[in-house]
Amino acid sequence: MKNLIFLLILVVLYACDVNTNSTNDQTPKSWKETVMVIPDDQATPEELKLKNTVLKVIGEGVAVENNQFVLTLDKKHFKNCGIPEVYYDLLEKELIETNRALETMMKEQDIDLKGALVDFKVNLTKHLQQLESKE
């Protein structure tokens, strides 16, 4: 079950659709239009830096409260980290949608969101360490 939650979170965050919006002057309207969907080996150094920063901030800023995922950081924090504010809005929207989907699933089975989030953060840390060792 933890793996299912982890995969659900990854799907939401990476938005597996590769229809990206590569022009910098247009504001992304969904995760599918952000740098998050660009494969690492095809991303520019700037895009890769933004992706890693977004992942780090997500890792530190997502928590579980009242059996729901919440974002504990504000837009100012995103901006201070060099992340466009639109990423905050997109993440907040995706967490709301994820919580709705999980609410339905939790009615049918017992899900440990805190444990799933811990697993996600451990895997995220490993992923980021691998990326840093490649640099």
Side-chain angles (χ1 to χ4, degrees):
M1 180 68 347
K2 286 182 181 180
N3 289 336
L4 178 63
I5 299 298
F6 176 72
L7 288 174
L8 179 63
I9 292 170
L10 283 180
V11 168
V12 169
L13 295 179
Y14 288 105
C16 293
D17 187 6
V18 292
N19 295 326
T20 62
N21 180 356
S22 58
T23 22
N24 292 333
D25 60 319
Q26 294 182 357
T27 304
K29 300 200 181 354
S30 71
W31 280 106
K32 320 183 241 197
E33 298 175 356
T34 69
V35 297
M36 300 308 289
V37 295
I38 300 171
D40 289 350
D41 60 348
Q42 295 177 11
T44 66
E46 295 81 20
E47 291 168 335
L48 198 53
K49 182 180 177 186
L50 178 58
K51 284 178 70 169
N52 291 339
T53 303
V54 169
L55 287 172
K56 287 177 187 176
V57 170
I58 288 171
E60 72 184 46
V62 174
V64 174
E65 293 178 6
N66 298 322
N67 220 18
Q68 291 194 327
F69 291 112
V70 295
L71 188 55
T72 61
L73 304 172
D74 58 11
K75 282 186 183 184
K76 185 177 179 180
H77 185 84
F78 273 60
K79 189 175 180 179
N80 290 341
C81 291
I83 302 171
E85 290 181 15
V86 68
Y87 281 72
Y88 176 90
D89 296 332
L90 292 172
L91 180 57
E92 196 172 53
K93 179 182 171 188
E94 291 297 331
L95 287 176
I96 290 169
E97 291 178 20
T98 299
N99 285 330
R100 277 193 210 134
L102 288 172
E103 186 177 321
T104 303
M105 289 175 57
M106 288 189 296
K107 287 179 184 175
E108 299 170 5
Q109 49 192 302
D110 186 33
I111 299 173
D112 177 20
L113 291 183
K114 287 185 180 184
L117 184 60
V118 168
D119 289 346
F120 170 74
K121 289 183 178 189
V122 166
N123 289 324
L124 177 60
T125 301
K126 288 178 185 177
H127 174 74
L128 291 172
Q129 288 172 343
Q130 288 175 346
L131 290 175
E132 289 173 2
S133 69
K134 290 180 182 179
E135 293 177 353

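Computation of the quantities below employed the complete heavy-atom set of this structure, encompassing side-chain atoms and omitting hydrogens, waters and symmetry-equivalent molecules. Numbers here simply count residues along the sequence, with the first being 1.
Heavy-atom minimum distance, Pro28 versus Thr34: CB-CG2, 3.8 Å.
In terms of modelled atom types and a separation under 3.5 Å, the side chain of Lys51 and the main chain of Ile38 share a donor-acceptor contact. Side chain of Asn99 to backbone of Phe69: a donor-acceptor contact under 3.5 angstrom is found. Under the 3.5 Å distance criterion, the side-chain polar atoms of Thr72 are left unmatched by any main-chain donor or acceptor of Val62.
Linking Ile, Leu, Val, Met, Phe, Trp and Tyr whenever their side-chain heavy atoms come within less than 4.5 Å puts Met105 and Val64 in one cluster. Criterion: ILVMFWY side-chain heavy atoms under 4.5 Å apart, direct or through other members. Under it, Val118 and Val70 are not part of a common hydrophobic cluster.
Rounded to the nearest 0.5 Å, atoms CG (Leu91) and NZ (Lys75) are 12.0 Å apart. Remark: Leu95 CG to Glu97 CD distance equals 10.0 Å, nearest 0.5 Å. Note that the CD atom of Glu60 and the CG atom of Leu73 stand 5.5 Å from one another [nearest 0.5 Å]. Atoms CD and OG1, on Gln109 and Thr104 in that order, are 11.5 Å from each other to the nearest 0.5 Å. Note that CD of Glu92 is 6.5 Å distant from CG of Leu71, once rounded to the nearest 0.5 Å. Here the straight-line distance linking atom CE of Met106 with atom CG of Asp112 works out to 10.5 Å at 0.5 Å rounding.
A 4.5 Å side-chain heavy-atom check between Thr125 and Phe120 finds every atom pair outside the cut-off. The shortest side-chain heavy-atom distance between Leu113 and Leu102 falls under the 4.5 Å cut-off. Ile83 has its side chain out of reach of His77: every pair of non-hydrogen atoms, C-beta onward, lies at least 4.5 Å apart. You'll find the side chain of Glu85 stays beyond 4.5 Å of the side chain of Phe78, heavy atoms only. With a 4.5 Å cut-off on side-chain heavy atoms, Tyr87 and Met36 count as touching. The side-chain heavy atoms of Pro84 and Leu50, taken from C-beta on, include a pair separated by under 4.5 Å.
Between the side chains of Glu132 and His127, not a single donor N or O lies within less than 3.5 Å of an accepting N or O.
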What's the verdict on side chain to side chain contact (heavy atoms under 4.5 Å, CB included) for Gln42 and Glu47, showing C-alpha distance, side-chain angles and the deciding distance?
-> CA-CA 9 Å; Gln42 295 177 11; Glu47 291 168 335; over 6 Å; no
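Considering Glu94, Lys93, Arg100 as possible partners of Ile96, the one that fulfils the side-chain contact (heavy atoms from CB on, under 4.5 Å) test is Arg100.
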